[in-house]
Protein chains: 2
Amino acid sequence: MANFSLQDHQFMQRAIELARRGHYTTSPNPRVGCVIVRDNKIVGEGFHQKAGQGHAEVHALAQAGSKAKGATAYVTLEPCSHFGLTPPCAKALINAQVSHVVAAMVDPNPKVSGRGLKLLQAAGISTAFGLLEQDARALNIGFIQLMTQQRPYVRCKLAASLDGKTAMASGESQWITSAEARCDVQRLRAQSCAVICGADSVIIDEAKMNVRWQALGPLKEQYPETDIRQPVRVIIDGKNRITPDLAIFQTPGKILLIRTHIENSQRWPQFVEQVEIEKAKNSDHIDLKLLLEYLAQQGLNDVLIESGAQLAGAFIGQDLVDELILYQAPKLMGAAAKSLVNMPAITQLSAAKNLEITDMRMVGKDIRITAQCSR
Amino acid sequence: MANFSLQDHQFMQRAIELARRGHYTTSPNPRVGCVIVRDNKIVGEGFHQKAGQGHAEVHALAQAGSKAKGATAYVTLEPCSHFGLTPPCAKALINAQVSHVVAAMVDPNPKVSGRGLKLLQAAGISTAFGLLEQDARALNIGFIQLMTQQRPYVRCKLAASLDGKTAMASGESQWITSAEARCDVQRLRAQSCAVICGADSVIIDEAKMNVRWQALGPLKEQYPETDIRQPVRVIIDGKNRITPDLAIFQTPGKILLIRTHIENSQRWPQFVEQVEIEKAKNSDHIDLKLLLEYLAQQGLNDVLIESGAQLAGAFIGQDLVDELILYQAPKLMGAAAKSLVNMPAITQLSAAKNLEITDMRMVGKDIRITAQCSR
């Protein structure tokens with residue numbers, strides 16, 4: 001691995017900061033930032049904002065203009081070598097005659113990994129990689145997982161009291177967590193490619209599962225309403241109980257209705273697509289593993305499960321969740337109240353799911369715990 | 001209130017640090033520290049270590065010797081004016097001819113509050129109080145509560161999985177939290193005047209409820225084995241199910257056996273005392289409020305409840321707990337497993353108990369949440 005100077009670190013750090021600006025908008029594309037440096041001064045900066053729009057390198061080169069000649073480009077991800085919706089960035093760097101390119105990480109897609117750097121080298125540009133790689137990986141955890149494992153990065157959001165309860169035994173329930181926690185959930189939605197919920201959430205809770213810009217709180221400052229990118233809404237409807245009159249269909253935005261058989265007797269809005277996924281073996285429920293494979297095929301790399309105890313328990317029980325995000329309201333509701341994760345198959349302590357806490361903080365008056373699940 | 005200088009703050013801060021050294025030993029006496037300062041230099045320091053031994057002022061004056069004359073004494077609690085197990089400290093300060101006394105707080109006991117300072121003033125010593133008062137109060141939260149409200153400060157320790165479960169439905173259970181968390185519980189015990197448990201813990205879990213020095217972890221360094229002070233063990237045995245052959249009686253140390261009627265048919269070790277407390281109205285259980293009043297009368301100001309879901313739920317349900325200390329293991333056990341707080345009377349969300357998170361941290365791989373209950 002190359003030796004990197006303190007200045008190399010600082011410029012790459014800046015490129016990572018730039019990449020983060022695309023946190024809520026680039027999906028399903030990766031978040032990428034680029035800094036062009038000549039004579040130790042930044043002459044161009046850019047980040048990828050939206051699929052179909054210019055890549056980070058293109059924006060940075062445009063800003064640098066003729067100063068790019070002989071400069072060093074710092075990029076958080078290996079420049080692409082292929083024509084996608086835009087021409088390859090490696091080509092753009094070659095055309096601009098930069099003399100050196102530092103990538104934080106190589107392309108995670110094994111089919112193209114290293115190709116961009118080779119293209120640059122072939123044009124006489126020196127290259128290096130591996131600078132602040134961990135930070136660069138953290139930018140695109142879903143994208144990398146999809147490329148390397150052909151499955152999305154799955155987050156499961158849950159909210160309960162300190163004693164793990166979501167509703168009274170009678171079913172009585174209301175917002176248990178604070179407005180701040182609910183605003184934080186909007187942020188989670190906004191960064192996800194897709195949000196998965198069960199039929200009950202849509203029927204009983206009349207959930208709309210969209211990002212409400214007004215509810216984004218402080219995030220509104222950096223994320224103008226016009227930039228809103230709605231996650232694909234995935235409704236698991238194994239018993240074809242969902243009907244077009246429900247609240248969720250009042251809000252436009254792509255919806256995948258996951259069913260064991262497609263039914264064309266009803267008229268759905270244009271943005272709704274019925275998808276057939278088989279039942280799991282010896283089960284009356286949709287095969288969730290197949291569902292995640294399907295979502296991966298659609299390029300949805302970062303998905304958020306927002307569901308009740310049943311569906312959350314099914315995903316967690318089958319080891320299909322990467323990360324748990326648990327909001328705990330400072331309340332005690334008692335043993336008779338309803339618990340947040342139903343996993344009837346787990347009857348022995350040795351089968352309990354083990355996690356690892358990775359983050360813990362206050363969100364308003366509530367606690368937010370983030371934990372990695374073993375998969 | 002007096003104006004205090006930066007140096008005043010520093011010296012009182014030092015006195016508070018000294019007081020903390022008695023954290024695990026002074027019970028049921030308050031933790032008190034004292035610093036004697038002359039010409040801006042500390043000439044004597046002391047803290048109260050154990051009931052019956054010298055008070056903080058006495059140790060500090062002994063160290064200062066003749067240098068105490070004309071000096072300033074910083075004390076975390078108003079010097080006592082009465083003869084207890086030791087002579088009054090106000091008298092000792094007068095005899096040593098200090099010229100100025102700063103107390104962080106006045107005595108919380110309304111019957112004697114201000115008397116020590118008056119005694120000093122009458123002897124021509126100038127006094128001030130209220131410096132770092134919040135910190136001084138935190139040293140003796142139980143002592144202050146007992147003095148002002150005639151009830152102990154009640155902590156309830158619970159341990160569960162992230163979804164609030166303590167055992168499988170079958171009853172299968174084992175240590176759910178880590179060794180570090182269990183060591184932290186030993187620390188909680190060590191700082192308490194008394195530990196309360198139910199008969200089941202003693203019968204089924206064979207709990208001994210004592211402080212095991214070996215299990216104190218890093219605390220062992222500052223707290224030599226010879227200084228161990230065992231909390232009074234309080235067993236709630238409303239149905240007289242406890243028998244002298246149980247494991248808890250193998251370890252000497254005061255035990256209060258709380259029963260609805262005293263039974264003298266069995267032979268108990270000398271350190272066991274049966275205490276009769278009435279049943280609560282319309283209930284088959286010990287009146288827990290009466291129990292806490294009894295413990296307060298015994299001078300037990302800082303008590304820790306370590307019990308199962310039933311007894312913990314009874315204390316919390318009756319609003320008798322000041323502070324919840326919840327250890328959460330990074331596990332999910334599922335809805336069928338057993339919940340940690342049983343409060344059958346709470347059937348509506350509006351009756352759920354509201355708390356306020358005051359601290360949250362990792363203890364080993366587990367989370368420890370501290371929360372204030374509304375009383």
Q | Value rounded to 0.5 Å, distance of CG in A/D163 from CG in B/N342 | A | 10.5 Å
Q | Those residues of residues 325-333 of chain A, ordered by number, that approach chain B below 4.5 Å (heavy atom to heavy atom) | A | A/L326, A/Q328, A/P330, A/K331, A/L332, A/M333
Q: For atom CD of B/Q149, decide whether the heavy atoms of other residues, nucleotides or ligands shown that lie under 6.0 angstrom number more than 12.
A: yes
Q: Just give me the residue among A/D366, A/I316, A/L349, A/L340 that pairs up with chain B most often, heavy atom to heavy atom, under 4.5 Å.
A: A/L349
Q | When A/K338, A/M343, A/K353 are compared by non-hydrogen pairs under 4.5 Å with chain B, the top option | A | A/K353
Q: For each of A/S339, A/G164, A/S170, A/A167, tally heavy-atom pairs with chain B at distances under 4.5 Å, and name the one with the top tally.
A: A/S339
Q: Working to the nearest 0.5 Å, report the span between CD1 of B/I369 and CE of A/M360.
A: 8.0 Å
Q. With a 4.5 angstrom heavy-atom cut-off, which part of A/K165 approaches chain B: side chain, backbone, both or neither?
A. side chain
Q: For the pair B/E172 (side chain) and A/Q348 (backbone), establish whether a donor and an acceptor sit closer than 3.5 Å, ignoring hydrogens and angles.
A: no
Q.
Can you confirm whether B/L162 sits close enough to A/L158 that some side-chain heavy atom of one is under 4.5 Å from a side-chain heavy atom of the other?
A. no
Q: Could you have a look at B/I176, B/L324, B/I346, B/V341 and say which one has the most heavy-atom pairs with chain A under 4.5 angstrom?
A: B/V341
Q) If you count heavy-atom pairs under 4.5 Å with chain A, which of B/M168, B/M362, B/K365 comes out on top? A) B/M168
(Q) I want to check something: taking the side chain as every heavy atom from C-beta on, are A/I367 and B/I367 in contact at a cut-off of under 4.5 Å? (A) no
